[in-house]
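To keep things clear, I will list the structure first and then write my remarks on it.
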Amino acid sequence: MKKNVLAILLFVLFNPYLAQQENKPQTFLKGKKMGCNWNGKEIIPPIYDTIFDFDNTNAICLACNEVKKNNNKFIKVAVKSFECKYLNKENKSLYIKKTLKDSSNVFNIHRNTVKQYQSSNPHFVASMGTKKYLVSKNFTLVTPTPFNEIYFTREKMFFITEIKTENNAILLGLINTENKLIVPSEYSKIKVNDSDSLIIACSSQSKANGEDDVYNYQGKKVHSFRRHIEYATKKYIVYHIFEPNEFFIVLDRKSNEEKPVNGQNVLYVKDDTFAVKSEGNWFYYDIVKNTKTPFDNKKEKKSEGNE
């Protein structure tokens with residue numbers, strides 16, 4: 001019997017998943033309202049219609065109450081919506097100043113709101129009306145001036161920002177966690193190559209005859225061209241040509257040699273290898289050897305299963 005008790009104690013103590021579950025705040029229902037307990041103590045009173053779980057770092061949760069608003073003064077139809085608060089384990093809520101005299105702790109909930117704040121990223125995007133703010137999970141406001149949208153990137157330190165002009169044109173830029181502008185807000189598409197610490201900024205739809213640019217992580221422009229830049233690495237620039245036929249041009253940045261590649265899609269794999277889609281089929285393309293190798297579907301499926 002003593003051996004069984006000792007085995008259970010050791011399992012609990014050295015099982016990180018159980019330890020995490022024990023320390024994670026838990027929601028509870030009292031009547032029709034929800035609250036939250038942590039280590040046997042009530043930290044959020046049961047006054048909310050819904051409480052979404054604390055994030056993966058156990059820093060914040062999202063507590064919401066349902067409100068009904070008449071959508072039309074002539075047609076008495078009640079539209080359900082939610083007003084939410086971001087709360088920490090001390091039951092303190094996030095406040096954001098909208099003006100010098102006006103602040104609020106009530107936020108909107110959207111399709112990706114819950115998934116986004118529950119991630120392990122130390123930052124999240126808070127929505128107030130049509131405006132978005134970047135906030136750290138200790139409730140430090142990163143962007144005092146809001147944006148129309150803020151998107152996460154493959155690098156936790158970078159965020160793509162979206163603004164709308166008076167003509168409803170959408171312009172993208174890139175900021176870091178200190179609200180420093182890395183890429184100016186004048187592009188239609190931005191991608192981050194986290195393997196080579198490069199940022200690809202496309203301006204094809206944001207300004208006539210604009211150049212596509214490549215920036216380093218310090219915000220220095222390291223390459224510009226009138227062609228559409230599909231991708232960039234330390235060694236190569238991949239241009240996407242649409243007229244008169246669709247194909248790609250791979251530029252060797254060191255030798256300035258260009259090689260055309262037929263296809264409709266291209267993805268960087270590693271070193272000198274890209275994955276290219278042509279006529280519905282994918283194959284590997286080795287730039288140095290100028291060779292194409294079909295995908296081994298069995299090998300790819302096995303590889304995916306091991307990830």
Quick one: do T165 and N167 satisfy side chain to side chain donor-acceptor pair (under 3.5 Å)? Show the steps, please. CA-CA 5 Å; T165 67; N167 298 324; 4.9 Å; no
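- Although no hydrogens or angles enter the test, the distance criterion places no donor-acceptor pair under 3.5 Å between the side chain of K137 and the main chain of N58.
- Ring geometry for Y239 versus H223: interplanar angle of 30 to 60°, hence tilted.
- Taking the six-membered ring wherever Trp is involved, the centroid distance between the rings of Y86 and F139 does not fall below 6.0 Å.
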T140 and N138: CA distance, side-chain angles, deciding distance, side chain to side chain donor-acceptor pair (under 3.5 Å) verdict: CA-CA 6 Å; T140 300; N138 64 3; 2.9 Å; yes
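- Among the candidates E246, Q264, R227, the single residue satisfying the side-chain hydrogen bond (donor to acceptor under 3.5 Å, both in side chains) test with H240 is E246.
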Could you walk me through whether D212 and Y187 pass side chain to side chain donor-acceptor pair (under 3.5 Å), step by step? CA-CA 8 Å; D212 283 9; Y187 297 95; over 6 Å; no
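- Ring centroids of F152 and F159 are separated by less than 6.0 Å, placing the two rings close together.
- Residues I96 and A126 come closest through the heavy atom pair CD1-CB, 4.5 Å.
- Side-chain atoms of N65 come within 3.5 Å of backbone N or O of D49 as a donor-acceptor pair.
- Checking each of T291, T293, N290 against Y285 for a side-chain hydrogen bond (donor to acceptor under 3.5 Å, both in side chains) leaves exactly one that passes, namely N290.
- No more than 12 heavy atoms of other residues, nucleotides or ligands shown are found within 6.0 angstrom of OH on Y95.
- Between C36 and C61, the SG-SG separation does not fall below 2.5 Å.
- K259 places a side-chain N or O within donor-acceptor distance of the main-chain N or O of I287, the cut-off being under 3.5 Å.
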